[in-house]
Enquirer: 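Could you have a look at this structure, given as structure tokens, before my questions?
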Amino acid sequence: MATRGPDIQERLREGIEAARRGDRVNARRLLQQVLIIDRDNEAALMWMASVVESMDERRAFLERALRVNPDNTRAREALQRMGVNVPGGRTGGTAAAPLPRTGGTAARAGGGVNSYLIAAAVVAILTVGVVAAALISSQPPTPQVTSQQVAQLTLNAVLATPIGAEPDVPQSPPTATPFIGVIVTLNPDQVVLPPTFTPTDTPEPTATFTPTATFIPPRTYNIVYSAFDDGSALPGLYRSRADGTTMQTLGNPADGFTDVAFSPDGERVAFTRPIEQNGVTAPQLFVMSLANPADAAPITVMTSPTLIQPAWSPDGRVIVFVSAEDGDDDLWIIDSDGNNLRQLTANNTTDRAPAFSPDGTKLVYASDQDSPGFSEIYELDLQTNAVTRLSDEAGSNYDPVYAPDGERIAFISTQGGDGDVYIMDADGQRKFLLSIDDGGAEDRAPRFTPDGAYLAYLSNRDGAFVPYLLNMRTNETEPMFASDQNWQSLSFNPLMR
């Protein structure tokens with residue numbers, strides 16, 4: 001143990017130096033080595049927040065740093081500027097509006113339609129650099145950023161700076177299937193794994209996907225979604241057809257509706273919203289009947305500032321979600337009537353974005369249990385409690401969701417420098433990049449249409465986050481419909497009505 005301290009300090013010093021000179025890849029590698037040994041190293045967490053690629057990852061590191069030290073005012077200020085609902089620390093503090101979350105973990109990010117989003121993102125990343133410099137007082141001061149440099153920072157520069165060179169991508173082999181994709185394999189130079197981890201087999205260079213033969217026009221689908229109106233601080237709740245017609249407001253933006261999910265019977269919607277209960281303001285899980293939205297009621301009484309990402313079981317009896325009630329993000333489950341609350345994962349790692357398999361026997365979710373700060377995708381067998389790791393790619397992999405046939409899983413990965421949509425077999429093999437040539441945009445929250453014919457996801461390729469539809473037969477992608485809102489979450493009515 002006597003040699004561990006100096007080794008950590010040396011790795012931390014090298015990681016900070018790499019971050020200061022703009023070498024994000026080596027900075028992440030070195031800082032991750034520190035966090036593998038010492039998960040609660042406050043300085044490493046703060047510097048990691050300054051070099052990760054996505055706002056989702058940045059938020060996760062800032063939140064962890066704040067949990068380690070509730071008096072870390074710089075982390076608190078950075079999170080509040082990002083729109084995170086941060087409770088007061090030991091020395092006090094002001095709670096801010098909750099940040100919209102998705103999948104792995106998503107932060108609110110917009111584009112040209114809302115200058116506040118760009119300003120908030122820029123201020124947040126600059127604040128992180130100042131905080132980390134203060135924590136390591138023995139290091140030279142962080143170089144000053146000029147006003148001209150600040151003016152040149154766009155949202156894409158903040159969220160989607162590429163990691164080094166483009167990864168080597170082998171050509172897709174000829175195949176009779178109409179599915180088009182790019183095969184992606186593990187790059188051993190860009191991932192740090194514990195020595196005891198045995199990688200899965202390299203994905204086979206073949207694809208034999210069999211999407212539904214009959215394709216339903218997208219306008220047939222009905223959706224609910226949460227989104228920010230231009231200038232609104234919180235998202236509202238909306239219902240419409242997938243072509244944008246028959247739009248209806250189900251929840252006022254002032255109430256902050258996030259992470260919506262249709263029930264399997266298409267009659268109810270789960271969502272999260274902060275409310276005051278027993279003198280504590282915290283997000284709670286709600287269930288709403290579409291027949292009577294005004295009767296929406298909370299089914300949880302929790303005190304954590306984090307309660308996100310609800311997902312229904314296929315039979316509609318239970319809802320799984322994420323809460324930091326015990327100090328870090330874990331998976332919880334509750335009956336849909338609010339009874340029988342219990343905890344599925346109990347550890348000191350970050351577990352997020354749960355989704356049931358179509359037969360209800362398994363859950364996929366994202367966790368950093370083997371790679372602190374960088375999430376991978378895992379499968380939990382609900383019958384045996386066995387956990388299987390399904391991904392081992394560089395960067396973070398999160399927001400997994402099963403296809404309706406249970407044979408494939410779509411997810412988001414930052415292995416290419418920004419959040420992109422991938423798909424793999426349900427056993428973790430044959431990973432394909434789907435969102436090709438998106439101009440370095442940040443993609444998130446993939447959701448299959450009920451028949452599996454399309455994969456919808458949110459992307460900021462044109463500014464604000466809006467929904468896109470990927471045709472699984474032709475690989476053609478187009479906006480779901482024109483929208484001037486900034487979308488936070490999306491769910492399809494499973495019965496398409």
Enquirer: I'd like to know if the side chain of D229 reaches the main chain of S232, judged simply by a donor and an acceptor atom lying under 3.5 Å from each other, with no hydrogens or angles considered.
Expert: no

Enquirer: Any sub-3.5 Å donor-acceptor pair from E376's side-chain atoms to N397's backbone N or O?
Expert: no

Enquirer: Test your reading of the model: is there a side-chain donor-acceptor pair from R76 to the backbone of P70, 3.5 Å cut-off?
Expert: yes

Enquirer: If the test is side chain to side chain contact (heavy atoms under 4.5 Å, CB included), which one of D351, T349, L307, T306 qualifies with D329?
Expert: T306

Enquirer: Could you tell me which residues satisfy side-chain contact (heavy atoms from CB on, under 4.5 Å) with A44, sequence neighbours excluded, listed by chain and number?
Expert: L12, L31, V34, L35, N41

Enquirer: For residues K362 and Y402, determine if any side-chain heavy atom of one lies less than 4.5 Å from a side-chain heavy atom of the other.
Expert: yes

Enquirer: Ignoring hydrogens and angles, tell me if any N or O in the side chain of R58 forms a donor-acceptor pair with the backbone of A49 under 3.5 Å.
Expert: yes

Enquirer: Between atom CZ of F356 and atom CH2 of W312, what is the distance when rounded to the nearest 0.5 Å?
Expert: 11.0 Å

Enquirer: Could you check D443, T477, L455, I412 and say which one makes a side chain to side chain contact (heavy atoms under 4.5 Å, CB included) with S435?
Expert: D443

Enquirer: Do the rings of Y221 and F492 sit parallel, tilted or perpendicular, given the 30° and 60° boundaries?
Expert: perpendicular

Enquirer: Check the pair D259 / R273 against salt bridge (charged side-chain N to carboxylate O under 4.0 Å, His left out), numbers first and verdict last.
Expert: CA-CA 9 Å; D259 295 337; R273 183 167 72 83; over 6 Å; no

Enquirer: Would you say the side-chain atoms of T345 pair up with the backbone N or O of L331, donor to acceptor, closer than 3.5 Å?
Expert: yes

Enquirer: Ring-plane angle category for F286 and F271, please: parallel below 30°, perpendicular beyond 60°, tilted otherwise.
Expert: parallel

Enquirer: Determine whether a donor-acceptor pair (N or O, by modelled atom type, separation under 3.5 Å) exists between the side chain of D451 and the backbone of A453.
Expert: yes

